[in-house]
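Structure, as structure tokens:
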2 protein chains.
Amino acid sequence: MPRPPASDTASRRELILDASEHLFATQGFASTTIKQIGEHAGVNSALLYYYFADKDTLYREMLQRLIRQMISFGMGALDVAEPPDQRLEGFVRRQAGFVFEHPNLPKLMVREMTDHEGARAEAIITELAATMFRGLCELIREGQRAKLFRADLRPEFAAISTISQVAYFAIARPAVGILLGHKRGHLPATTVTDFAEHAAKFALAALAPARSGASRRKAS
Amino acid sequence: MPRPPASDTASRRELILDASEHLFATQGFASTTIKQIGEHAGVNSALLYYYFADKDTLYREMLQRLIRQMISFGMGALDVAEPPDQRLEGFVRRQAGFVFEHPNLPKLMVREMTDHEGARAEAIITELAATMFRGLCELIREGQRAKLFRADLRPEFAAISTISQVAYFAIARPAVGILLGHKRGHLPATTVTDFAEHAAKFALAALAPARSGASRRKAS
DNA sequence: GTCTATACGGGGATAGAC
DNA sequence: GTCTATCCCCGTATAGAC
């Protein structure tokens, strides 16, 4: 029974995926070398070719693993029994939580877009469209039917605007720090949570009916 | 495709910058080779080393040229004699116009963020912060003082939320196409302009006072 | 399964002719 | 200023020992 040393519970394969996720995210596909990944994972670089056909296959498997995680996490905020406005607020918070706990995700997604026009991630994005994005659009439609949200916004566009705030903040984080007047690279942790709260509020305000008769609890 | 043989007007140097802008934006720094740039520019690749010290210097000069263009363009929407809400709407439209006419810009900015945490673009982003971003924040503050905008949003955060919509749409364009249910890569041109209009409306709705009636806000 | 050693090609950069 | 030719490193991927 081939058992790795007690120190690493994770299989070598998982270690390789972990290391490649980090390196591909921070350096990009082309700049990351097989040898670097092996070094980071603590295995010999030739071993990568035992588990994965080539560099590209390794990349795809890594990406798929990560996005699956995000989808299951994001759906958790949509599948709850709460009114649409609360669910939307919860979704934005949850999006922020995930993105800032997994900074690799926005980086990798963005690289996909710019490097290949999303070609390598098409299947995954389609999955995303059918689950999380569709759920968010439905939520907005539901709020519109309930007169909680204004009806003169296209739900899909409103969904993109909602998502975009936290997504952009995460992607452009280094620039955001500078824009907000901080020293390079060091954005206080409170700013991040503050912005998540702001983003939820901003989206809800934009969606609120022009005549603000509708119920706005939030008496905290 | 290579440019036509050196038309007298554009210097070889400019041709090289043009080609590198396109290639760095679409392929990234590491994946773009000196030889490709030379080919695209219609000059011999060794000539790049006559005009630029090395690949990195070429990259920086290219980036600086592009961002200067954007700043001067963006400021045009802020320096007009109109009420804040109209100026904000104009700004978003102009941002969209520039970004979709210069698709290289969002790609390069995003690469900067992910590749080097913005390190190579720090000076330029600082410039951006001091001009365009500051202008946008001022605009929002002015609207707040004039009671046109709600006062319980941090101007800097509201500015980021405003910018983020179009920026994210441009960055994630391939994914956005899929999310909206189109065939891969082919987002109708009308969708782009429609979204720009939506983004301006969304931001103005979010900034609109909750209800001008005398309801006093709780201090939070 | 995991390692050592190496082939093979490609890319950045330089020398030097014109 | 612009080109031809070339050096040399480094990265992917494979062969094969253990």
Side-chain angles (χ1 to χ4, degrees), chain A residues 1-63 108 111 115-116 119-120, chain B residues 1-63 108 111-112 114-116 119-120:
Chain A
M1 44 235 64
R3 260 295 200 193
S7 59
D8 62 349
T9 55
S11 68
R12 296 282 231 257
R13 193 171 188 282
E14 290 300 310
L15 288 177
I16 292 168
L17 284 171
D18 291 344
S20 67
E21 180 183 309
H22 175 247
L23 291 169
F24 283 141
T26 53
Q27 306 182 341
F29 182 80
S31 304
T32 299
T33 72
I34 297 288
K35 283 161 189 161
Q36 275 182 324
I37 297 174
E39 205 174 329
H40 240 78
V43 303
N44 188 280
S45 60
L47 189 60
L48 304 213
Y49 290 95
Y50 175 75
Y51 286 113
F52 305 95
D54 55 16
K55 195 183 174 186
D56 203 72
T57 304
L58 166 59
Y59 174 85
R60 286 173 199 258
E61 297 211 16
M62 171 280 298
L63 192 61
L108 285 164
R111 288 187 189 284
D115 286 350
H116 314 92
R120 288 197 298 198
Chain B
M1 283 294 121
R3 289 300 204 93
S7 312
D8 38 334
T9 51
S11 68
R12 295 284 228 258
R13 193 171 188 282
E14 291 299 310
L15 288 178
I16 291 168
L17 284 171
D18 292 343
S20 65
E21 180 183 308
H22 176 247
L23 290 169
F24 283 141
T26 52
Q27 306 182 340
F29 182 80
S31 304
T32 299
T33 72
I34 296 289
K35 282 158 191 162
Q36 274 181 323
I37 297 173
E39 203 176 332
H40 244 78
V43 304
N44 188 281
S45 60
L47 189 61
L48 304 212
Y49 290 94
Y50 175 77
Y51 286 112
F52 306 95
D54 54 15
K55 194 183 173 185
D56 203 73
T57 305
L58 166 59
Y59 174 85
R60 286 173 199 258
E61 297 210 16
M62 172 280 297
L63 192 60
L108 286 164
R111 289 187 189 283
E112 257 316 299
T114 48
D115 287 349
H116 315 90
R120 288 197 297 200

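Keep in mind that the numbers below use all heavy atoms, side chains included, and drop hydrogens, waters and symmetry copies.
- In this structure, OH on A:Y50 lies 12.0 Å from CZ on A:R12, to the nearest 0.5 angstrom.
- Taking the charged nitrogens against the carboxylate oxygens, B:R60 and B:E112 have no contact shorter than 4.0 Å, which rules out a salt bridge.
- Salt bridge present: A:D56 and A:R120 bring a charged side-chain N and a carboxylate O closer than 4.0 Å.
- Side chain of A:S20 to backbone of A:L17: a donor-acceptor contact under 3.5 angstrom is found.
- One N or O on the side chain of A:K55 and one on the backbone of A:T32 form a donor-acceptor pair closer than 3.5 Å.
- Residue pairs meeting the salt bridge (Lys or Arg N to Asp or Glu O under 4.0 Å) criterion with at least one member in residues 21-50 of chain A, sequence neighbours excluded: A:E21-A:R65.
- Residues from residues 22-39 of chain A with heavy atoms under 4.0 angstrom of DNA chain C: there are none.
- With hydrogens and angles disregarded, a donor-acceptor distance shorter than 3.5 Å links the side chain of A:R111 to the backbone of A:A25.
- With sequence neighbours left out, the ring pair (Phe, Tyr, Trp, His ring centres under 6.0 Å) criterion links B:Y59 to B:F24, B:F29.
- Rounding to the nearest 0.5 Å places OH of B:Y51 at 9.5 Å from CG of B:L15.
- Once you apply a 4.0 Å limit to the heavy atoms of chain A, the touched nucleotides of DNA chain D run 5' to 3' over D:dG11 to D:dT14.
- Shown here are the side chain to side chain contact (heavy atoms under 4.5 Å, CB included) partners of B:A19, two or more places apart in sequence or in another chain: B:I37, B:H40, B:A41.
- DNA chain C lies under 4.0 Å from at least one heavy atom of each of the following residues of residues 44-63 of chain A: A:N44, A:A46, A:L47, A:Y50, A:Y51.
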